[in-house]
Amino acid sequence: MSFTSLALALVFVIIPIILAVVLKLGLEKDIIIASIRATVQLIIIGYILQFVFDSKSTIFMLLMIVLIIAAASQNIFKKGKGIPHIKIIIIATLVFVELFSMSTLLLFKIIPFEAQYVIPISGMIIGNCMVLSLLFLDRFKSELSHNEETIELILSFGGTPKEAVHHTLKSAIKTSMIPTIESQKTVGLVQLPGMMSGLIIGGGDPMEAVIYQLLILFLILNAAALSSILVGFLSYPFLFNEKLQFLGIQDDAK
């Protein structure tokens, strides 16, 4: 696909802009900014990846993964505002899920230790951790606000912090995981996932594309479970003080 073909594909951006203007949705500026950012970011990352792949340097590969984790963490921090130590919790969660997933893949020799495999798969793992963490934190904070009286009532009857937030935590984890589980139920029927489509368009064997896509789906499911559960169970203890009193969401939490 040439840059000329890509330029012609801008019609798919122009149409939403026109519709946003006609319907007065107020989204035209956001659409333009999003399209420009996506284009610039992807072109830059394309050159960076080309350099990393050509260099065959383990250090550059690891630095790339660190950059991905840093970018993902920064996007989650805002959603977690109000939960003490959320930055450390998020970074620890992303690093753990990445290390666990990649160590398993490399230990069982599912993929080779090469940048062209490690970096894209790491990006998918960390990216899905980011999305699931955002979904979890949004739901968790909402549940905490709505169930504050119930939590304090359970504590007043001698319940532990874990018992007080058990229902809230379980509900937030379940809600954040449902989209991933539901999307996997219809994969291959409603849509061909991105990695599979990319391999097929690139001339790859369809069955090989299916195998790689299943690998990614299993990794995403693992990331969904681990990220939601880890962020939840690492976060809730900091919502209570030493006297086991519920502090709620703190506006000045770091």
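Each residue takes its place number in the sequence, starting with 1. No experiment lies behind these values; they were computed from the predicted model shown.
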Test side-chain contact (heavy atoms from CB on, under 4.5 Å) on His85 and Leu234; report intermediate values, then the result.
CA-CA 9 Å; His85 309 295; Leu234 290 175; over 6 Å; no

Using a 4.5 Å cut-off on heavy atoms from C-beta on, say whether the side chain of Leu105 contacts that of Tyr117.
no

Check for me, please, whether Ile43 and Ile68 land in the same ILVMFWY cluster - side-chain distances under 4.5 Å, paths through other members count.
no

Could you check if a side-chain atom of Ile86 sits within less than 4.5 angstrom of a side-chain atom of Leu137, using non-hydrogen atoms only?
yes

Could you report the tightest heavy-atom contact between Ile45 and Leu42, atom names first, then the distance?
CG2-O, 3.1 Å

Flag side-chain contact, heavy atom, 4.5 Å: Met102 against Ile121
yes

Might you work through the side-chain contact (heavy atoms from CB on, under 4.5 Å) test for Leu135 and Thr175, ending with a clear yes or no?
CA-CA 8 Å; Leu135 289 173; Thr175 300; over 6 Å; no

Do the side chains of Val187 and Ser183 get nearer than 4.5 Å, heavy atoms only?
no

Same cluster (ILVMFWY, side-chain, under 4.5 Å), Ile91 and Phe233
yes

How long is the span from the CE atom in Met61 to the CZ atom in Phe53, to the nearest 0.5 Å?
10.0 Å

Counting C-beta onward and ignoring hydrogens, is there a side-chain heavy-atom pair between Thr180 and Asn128 closer than 4.5 Å?
no

Side chains of Leu169 and Phe136: does their closest heavy-atom pair fall under 4.5 Å?
yes

Looking at every heavy atom in both Pro84 and Ile89, which two are closest together, and how far apart are they?
O-CD1, 4.0 Å

So does Glu149 have more than 12 non-hydrogen atoms from other groups sitting under 6.0 Å from CD?
no

Do you know which two heavy atoms are closest between Thr93 and Ser227, and how far apart they sit?
CG2-CA, 3.8 Å

Kindly say whether the aromatic ring centers of Tyr236 and Phe140 come within a distance under 6.0 Å.
no

Applying salt bridge (Lys or Arg N to Asp or Glu O under 4.0 Å), name anything that partners Lys79, two or more places apart in sequence or on another chain.
Asp138

If you count every heavy atom of other residues, nucleotides or ligands that lies below 6.0 Å from Ile59 atom CD1, does the total exceed 12?
no

Leu214 CG to Leu219 CG distance, which is reported to the nearest 0.5 Å:
11.0 Å

Common cluster, Phe51/Leu62, ILVMFWY with side-chain heavy-atom separation under 4.5 Å:
no

From CG (Leu230) to OG (Ser133), nearest 0.5 Å:
9.0 Å

Per the side-chain hydrogen bond (donor to acceptor under 3.5 Å, both in side chains) rule, what does the pair list look like for residues 33-46, sequence neighbours excluded?
Arg37-Gln41

For Leu94 and Ser73 the tightest heavy-atom approach is CD1-OG, 3.3 Å

Between the CD1 atom in Ile151 and the NE2 atom in His146, the distance rounded to the nearest 0.5 Å is 12.0 Å

Val52 versus Ser57: any side-chain heavy-atom pair under 4.5 Å?
no

In one Ile/Leu/Val/Met/Phe/Trp/Tyr side-chain cluster, 4.5 Å: Ile125, Val66
no

Smallest heavy-atom separation, Lys141 atom then Gly80 atom, equals NZ-C, 4.2 Å

Report yes if the side chains of Thr160 and Leu244 come closer than 4.5 Å at any heavy-atom pair, otherwise no.
no

Can you confirm whether more than 12 heavy atoms, excluding those of Phe77, are under 6.0 Å from its CZ atom?
yes

Which atom pair, heavy atoms only, marks the closest approach of Asp30 to Gly26?
OD2-O, 4.4 Å

Do Leu247 and Phe240 share a hydrophobic cluster (ILVMFWY, side-chain heavy atoms under 4.5 Å, transitive)?
no

Distance in Å, Leu155 CG paired with Glu163 CD, rounded so as to fall on 0.5 Å steps:
9.5 Å

Output, in order, the C-alpha distance, side-chain angles, deciding distance and verdict of side-chain contact (heavy atoms from CB on, under 4.5 Å) for Ser122 and Val118.
CA-CA 6 Å; Ser122 293; Val118 174; 3.8 Å; yes

Just verifying a value: how many Å separate Arg139 CZ and Ser176 OG, rounded to the nearest 0.5 Å?
10.0 Å

Applying side-chain contact (heavy atoms from CB on, under 4.5 Å), run through Leu63 and Leu67 and close with a yes or a no.
CA-CA 6 Å; Leu63 286 175; Leu67 177 62; over 6 Å; no

